[in-house]
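Just so it is clear, the values below take in all heavy atoms, side chains as well, and ignore hydrogens, waters and symmetry mates.
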Amino acid sequence: MTSICDLTATTLARAIAQRALSSREVVDAHLARIADQDARLAAFVTVDADGARRAAQTCDAASAPIGPLHGVPVAIKDLTDTAGLATTYGSVLFRDHVPAEDDLVVARLRRAGAIILGKTNTPELGFGAVCTNKLCGPTRNPFDPALTSGGSSGGSAVAVAAGMVPLAHGTDFGGSVRTPASFCDVASIRPTPGRIPSPRRPLGWDMLATHGFLARSVDDLELALSVCAGGDANDPLSTAVGNDNRLLAGRPRIAVTPDFSIAPVARNVRARFAAACDALARIADVVPSSPDCNGAIETFRTLRAAHIANSYGELLRTRRVELTPTVIWNIEAGTSLSADDYLKAERRRTAIYRSFRELFTGVDLLVAPAASVFPWQNEIDDVTAIDGVALETPIDYLAVTFIVSLVGFPVLTLPVPRGESELPFGIQIIAPQGCESRLFAFGRAIENELGFSHRRPAL
């Protein structure tokens, strides 16, 4: 028997709209799954059971569907504001913070009929390789609770993988929806920056961080993006994002790279990625190739450090003793940077972007691993070495994902087929800016034809 909690968001939306299921039934089923599993997995910081049930009753009383996600439960990463519902940013500094207004992405989800079940766990301020903080965690991997769910959207990834919600919101700076998706065998989308507006973002032209989604199917990701996309005059990036809806014609040509020629990637990940590429060759022309990413690791370190120091430097000066060591390290990394350091990084970033554009003149898509390592023990705070080779900084294990963040291309992450004893692992499928439709079309093809899809854990 298929549980309500095993159904996708798209299936649930259709069933609720046709009144084959009530929203209250669906919400209660997912709240029951949370009650059964979350004490063990710690995916949620806050669960709003009463508010969700009231919203479900409103949906069930409506004469027609409110929107495409009518009555469907979703979860919101606890870095993003929810009106009337605690938003802690994963920090004791904000344990009592209750925003007066929704972030725009939340408002658009509600407008589409979605029901917010609660807020998912994240490292403090979103900085950390393990999804834990002084309020909650560690968020445990449902395939092996001794292992990490990944950061920083680990709570959302686990909530989706364990059937606590069919769809969850996340954010992605250097890989924060993609790494947890890979670790937890779910799908994710990091769209073109600006596709989902962030009108409150202090740095309006900053495209390193984006909203995204995690789900168990490509259709669900496309549905979620469709209701949250659209320009906003207060986000300059959003007004510049175009739509390229041209789909792939015939057999696609795909560039594949295990490491962009510079990223540290574990041998066992390389082996799994090679097997995934062999599978892709059944439906696509696969060409080993990479853009020139020389200097990308140093470039991202500089830009990330500058942004974090600018955003949180005051907290370091006034509330240092209350911050986690990971947050302190992240802020301090940018305090000594100069304007020249920053502009040199931007210059190199521009060259890398142009190299990506050049690659896409000859291929339709670019595929790379979605993580450089497999999930590790929750007790280990950071990845300090790969295959015995020490990393220079605690963020370097994310190079295989943050290189894509640098250039702002959209990325679909899908889990690859695996054996019973194998840990989850995913691939990044990258397209030119504005080409999310191309990603979804190809993602559906390999999901259906090659089995690149979620397989639920034995809860």
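A donor-acceptor contact shorter than 3.5 Å is absent between the side chain of S355 and the backbone of I352. Between the side chain of T120 and the main chain of A75, no donor-acceptor pair closer than 3.5 Å is present. A side-chain donor-acceptor contact under 3.5 Å links D172 to the backbone of G175. D206 contributes a side-chain N or O that, together with a main-chain N or O of L208, makes up a donor-acceptor pair within less than 3.5 Å. N330 contributes a side-chain N or O that, together with a main-chain N or O of T326, makes up a donor-acceptor pair within less than 3.5 Å. Side-chain atoms of N378 come within 3.5 Å of backbone atoms of L147 as a donor-acceptor pair (strictly under, hydrogens ignored). Using modelled atom types, one side-chain atom of R216 and one backbone atom of V160 make a donor-acceptor pair closer than 3.5 Å. Under a 3.5 Å cut-off, the side chain of E124 and the backbone N or O of T324 do form a donor-acceptor pair. With R108 contributing its side chain and G230 its backbone, the two residues share a donor-acceptor pair below 3.5 Å. With T8 contributing its side chain and T11 its backbone, the two residues share a donor-acceptor pair below 3.5 Å.
Considering every non-hydrogen atom in both T257 and S289, the closest pair reads CB-O, 3.5 Å. When all heavy atoms are compared, the tightest approach of P191 to I196 is CG-CD1, 4.1 Å. When all heavy atoms of T299 and R348 are compared, the pair lying nearest together is OG1-CG, 3.3 Å. Here the closest non-hydrogen pair linking P73 and V165 is O-CB, 4.2 Å. The two residues D381 and A129 have their closest heavy-atom pair at O-CB, 3.5 Å. Across all non-hydrogen atoms, the minimal contact from T192 to G434 is OG1-N, 3.0 Å.
Applying the salt bridge (charged side-chain N to carboxylate O under 4.0 Å, His left out) definition to pairs two or more places apart or across chains, those involving residues 395-411 are R301-D396. Sorted by first then second residue, the ring pair (Phe, Tyr, Trp, His ring centres under 6.0 Å) pairs that include residues 136-189, not counting sequence neighbours, are H169-H211, F173-F300, F183-W376.
No more than 12 heavy atoms of other residues, nucleotides or ligands sit less than 6.0 Å from atom CD of E392.
In this structure the side chain of V177 never reaches within 4.5 angstrom of the side chain of T171, judged on heavy atoms. Within the 4.5 Å cutoff, side-chain heavy atoms of R304 are placed close to those of F127. S405 has its side chain within reach of R178: a pair of non-hydrogen atoms, C-beta onward, lies under 4.5 Å apart. Using a 4.5 Å heavy-atom cutoff, the side chains of F440 and L225 are in contact. Side-chain contact between N268 and F425 is absent, with no heavy atoms from C-beta onward closer than 4.5 Å. Residues V72 and P166 are in side-chain contact: their nearest non-hydrogen atoms beyond the backbone lie under 4.5 Å apart. When side chains are defined from C-beta on, Y312 does not count as touching V327, because their heavy atoms never get closer than 4.5 Å. Put simply, the side chain of F402 reaches to within 4.5 Å of the side chain of I297, judged on heavy atoms.
Evaluated for a side-chain hydrogen bond (donor to acceptor under 3.5 Å, both in side chains) with D185, the options R418, R456, R455 yield exactly one hit, R418.
To the nearest 0.5 Å, atom CD of residue E332 and atom CD1 of residue I308 are 12.0 Å apart. Atoms CG and SG, on L359 and C293 in that order, are 9.0 Å from each other to the nearest 0.5 Å. Atoms CG and CG, on L221 and L439 in that order, are 10.5 Å from each other to the nearest 0.5 Å. For the atom pair M207 CE and L303 CG, the distance stands at 9.5 Å (nearest 0.5 Å). Atoms CZ and OG, from F213 and S156 in turn, are 10.0 Å apart once rounded to the nearest 0.5 Å. In this structure, CG in D48 is found 11.0 Å from CD1 in I115, a value given to the nearest 0.5 Å.
With respect to the salt-bridge test (charged N to carboxylate O, under 4.0 angstrom), the residues D102 and R110 qualify. In summary, E447 and R444 do not engage in a salt bridge, as defined by a charged side-chain N under 4.0 Å from a carboxylate O.
Taking the side chain to side chain donor-acceptor pair (under 3.5 Å) definition, one finds that S217 meets it with D220, sequence neighbours left out. Considering only residues two or more places apart in sequence or on other chains, D232 meets the side chain to side chain donor-acceptor pair (under 3.5 Å) condition with none of them. The side chain to side chain donor-acceptor pair (under 3.5 Å) test applied to T148 returns no partner, not counting sequence neighbours.
The closest side-chain donor-acceptor pair between S152 and K77 falls under 3.5 angstrom. Between the side chains of D103 and T80, no donor-acceptor pair of N or O atoms lies under 3.5 Å. Judged purely by distance below 3.5 Å, without hydrogens or angles, the side chains of T82 and T87 pair a donor atom with an acceptor atom.
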Requested in this report: Apply the test side chain to side chain contact (heavy atoms under 4.5 Å, CB included) to residues V92 and L135: give CA-CA distance (whole Å), side-chain angles for both, the deciding distance (0.1 Å), then the verdict.
Outcome: CA-CA 6 Å; V92 293; L135 296 173; 3.8 Å; yes
Report task. Might you work through the side chain to side chain contact (heavy atoms under 4.5 Å, CB included) test for D259 and F273, ending with a clear yes or no? Result -> CA-CA 10 Å; D259 55 11; F273 181 69; over 6 Å; no
Query - Worked check of side chain to side chain donor-acceptor pair (under 3.5 Å) between T10 and D219 - result: CA-CA 7 Å; T10 306; D219 284 348; 5.3 Å; no
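Between Y89 and F94, the angle of the ring planes goes over 60°, which puts this pair in the perpendicular group of the 30/60° scheme.
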Only pairs under 3.5 Å count here: list side-chain donor-acceptor contacts from residues 364-375, not counting sequence neighbours, and write none if there are none.
{"residue": "D364", "atom": "OD2", "partner": "R253", "partner atom": "N", "Å": "2.8"}
{"residue": "S372", "atom": "OG", "partner": "Y397", "partner atom": "O", "Å": "2.6"}

